[in-house]
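This report concerns only the one structure given below.
Just so it is clear, the model here is predicted, and its values are computed rather than measured.
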Amino acid sequence: MTSPTPPRIDASVHVFFKDGADLRRHLREPFRSRGFPDPDVAWYSRPGPKYAEGTDGADGAHPGSDPALVGRQVLDERGFDYAVLHPMSVAGTLPDWHLGTALYAATNQMLAERWLESGPYADRFRGTVRVNPNDVEGAVREIERWRDHPRMVQIGLPVQTQAPYGRPYFKPLWRAACDAGMPVAVHLEMGVGITHPPTPSGPTRTYSHHAAYQPMTYIWHLLNMIAEGVFQEFPELKVIWADGAGDMVTPFMWRMDTFGRPHLEQTPWAPKMPSDYLRDHIYFVHGMLDGPGEAEYASEWLRMTGKEDMVMFGSSYPDWQTVSPEDLPPGWSAEQRAKVLGGTAAGLFGIDRLVPA
């Protein structure tokens with residue numbers, strides 16, 4: 001008898017409101033009457049259309065806003081058993097944190113009602129609780145609001161911040177995530193925010209520079225969290241860098257390990273070797289722009305620094321860089337592909353249903 005296999009899980013599907021009016025209907029006053037940026041107003045122009053062909057909703061609705069269409073294209077046509085939905089927003093980069101928190105609350109309500117509690121694919125969708133790092137108290141309240149929802153499986157934060165995530169200011173967030181038993185997914189926020197540039201050193205000049213440099217922002221947060229002892233203080237915390245950067249972690253961890261012991265007197269609150277904090281804490285969503293592509297050493301590369309137990313597949317549907325399982329490096333072993341395509345995500349999100357082979 002053939003052993004059952006883990007479910008196939010798309011760990012990063014982007015979902016949206018139908019349009020601005022749809023978002024306003026989910027807001028309460030005084031925020032319903034306020035102005036806010038459009039999520040499709042971006043820092044840079046991409047090399048072509050912003051969204052994949054055929055992903056528009058009915059009557060011109062925003063791509064990624066129709067649960068039935070997303071379910072059919074991601075689950076039925078691409079062969080996935082589950083999809084983890086990440087609602088896209090501009091809320092985390094707004095200077096008015098009251099408005100940002102209200103936008104996230106409306107987003108979470110829409111996600112639950114429209115995607116997780118109704119429709120033919122609700123039982124195969126899993127959700128992300130979006131919270132505002134600029135309003136930690138409000139973020140903790142939002143986590144408490146949704147932590148017991150059976151289909152909310154992670155907490156979503158923007159990668160653009162005014163300070164690295166290792167700062168003590170964010171400790172209540174990590175404590176709330178651990179108490180809820182939910183991993184934290186950090187993803188690039190959409191739109192244009194006044195106070196939050198997309199890289200640690202400010203805006204880049206071109207899209208190609210931005211796309212190449214963006215993963216450094218995830219590593220910047222990760223190294224800071226390790227050095228500040230976040231994972232030592234919160235041993236149950238799990239963080240997903242949900243928009244790439246897995247191909248950056250190995251060389252930077254080699255470099256950080258070089259100074260891990262000699263400089264222990266500077267970081268006594270993080271006594272382990274830096275790379276020791278990766279296992280069981282750190283995960284990456286693998287996307288189109290991540291290496292090593294078709295290189296012969298792709299399998300060896302995935303084993304380095306334990307990445308084969310950290311990397312998860314994410315299509316980034318419906319974005320222009322939407323990927324399919326066929327786009328994964330052909331040099332990966334069957335075991336590695338099984339982990340990336342669902343095995344690791346199943347364990348992380350508690351999706352333990354096995355699929356007959």
Side-chain angles (χ1 to χ4, degrees), residues 11-12 14 37 39 41-46 86 88-95 100 128 130-134 136 139 154-167 169-170 173-174 177 183-228 230-231 237-256 274-275 277-278 281-291 305 307 310-312 314 316 319 321:
S12 187
H14 303 165
V41 176
W43 284 98
Y44 311 98
S45 297
R46 287 144 175 84
H86 196 106
M88 305 305 290
S89 177
V90 301
T93 60
L94 299 180
T128 302
R130 296 303 314 272
V131 300
N132 190 356
N134 302 313
V136 170
Q154 65 182 8
I155 297 160
L157 292 174
V159 69
Q160 303 100 306
T161 62
Q162 298 180 71
Y165 278 130
R167 296 290 175 84
Y169 168 80
F170 297 108
L173 261 178
W174 313 141
V184 176
V186 182
H187 194 287
L188 185 72
E189 196 81 328
M190 296 189 68
V192 177
I194 294 174
T195 57
H196 304 76
T199 77
S201 58
T204 60
R205 189 176 64 83
T206 66
Y207 179 80
S208 59
H209 185 190
H210 165 71
Y213 194 7
Q214 174 191 316
M216 289 291 295
T217 311
Y218 295 100
I219 300 300
W220 175 67
H221 282 301
L222 170 59
L223 300 188
N224 180 257
M225 294 176 79
I226 291 173
E228 295 290 353
V230 172
F231 301 110
L237 180 64
K238 301 179 187 300
V239 178
I240 305 163
W241 308 105
D243 202 16
D247 52 354
M248 297 280 186
V249 69
T250 294
F252 279 92
M253 291 313 304
W254 286 345
R255 181 177 290 262
M256 197 175 190
S275 59
Y277 289 105
L278 296 178
H281 289 293
I282 300 303
Y283 300 86
F284 295 91
V285 171
H286 185 86
M288 174 186 283
L289 303 181
D290 293 336
T305 332
K307 290 191 294 292
M310 301 181 210
V311 172
M312 302 181 291
S316 293
D319 289 2
Q321 74 270 33

query: So, for A11 and M312, which heavy atoms are closest and what is the spacing to 0.1 Å?
result: CB-CB, 4.2 Å

message: I'd like to check S89 versus E189 (side-chain heavy atoms, cut-off strictly below 4.5 Å). Are they in contact?
response: yes

- prompt: Is any side-chain heavy atom of Q162 closer than 4.5 Å to a side-chain heavy atom of P133?
  reply: no

- prompt: Is there a side-chain contact between S12 and H187 (heavy atoms, below 4.5 Å)?
  reply: yes

field: Smallest separation among heavy atoms of H86 and T128, with atom names
entry: CA-OG1, 3.8 Å

task: Write down the atom of L173, the atom of A139, and the distance for their closest heavy-atom approach.
output: CD2-CB, 3.6 Å

query: Side-chain contact, heavy-atom cut-off 4.5 Å: V249 with I219?
result: yes

- prompt: In Å, rounded to the nearest 0.5 Å, how long is the span from CZ of F170 to CD of E228?
  reply: 11.5 Å

message: One pair to check against side-chain contact (heavy atoms from CB on, under 4.5 Å): L237 and M225. What are the steps and the verdict?
response: CA-CA 11 Å; L237 180 64; M225 294 176 79; 4.2 Å; yes

message: Using every non-hydrogen atom in the two residues, find where Y218 and L188 come nearest and quote the distance to one decimal.
response: OH-N, 3.2 Å

- prompt: Hey, are the side chains of W174 and V230 touching, using non-hydrogen atoms and a 4.5 Å cut-off?
  reply: yes

statement: So CD1 of I282 and NZ of K238: to nearest 0.5 Å the spacing works out to 10.0 Å

task: Measure the OH-CG distance between Y277 and L223 for me, rounded to the nearest 0.5 Å.
output: 13.5 Å

- request: Taking the side chain as every heavy atom from C-beta outward, state whether W241 and P215 have any atom pair closer than 4.5 Å.
  value: no

task: Fit a plane to each ring of F231 and H281, take the angle between them on a 0 to 90° scale, and name the class: parallel (under 30°), tilted (30 to 60°) or perpendicular (over 60°).
output: tilted

field: Nearest-0.5 Å distance, NZ of residue K307 to NE2 of residue H286
entry: 11.0 Å

query: Is M253 close to P274 at the side-chain level, that is, under 4.5 Å between some pair of heavy atoms?
result: yes

task: Answer yes or no: is there a donor N or O on one side and an acceptor on the other, between the side chain of D243 and the main chain of V285, under 3.5 Å?
output: no

field: Flag side-chain contact, heavy atom, 4.5 Å: L278 against L222
entry: yes

task: Rounded to the nearest 0.5 Å, what's the gap from CH2 on W220 to CE on M248? Could you check?
output: 15.5 Å

task: Please report the shortest heavy-atom distance between M88 and M190, naming the atom on each side.
output: CB-SD, 3.4 Å

Steps toward side-chain contact (heavy atoms from CB on, under 4.5 Å) verdict (V159, Q214): CA-CA 9 Å; V159 69; Q214 174 191 316; 5.6 Å; no

- line: Of all heavy-atom pairs linking D290 and G244, the shortest is OD2-CA, 3.4 Å

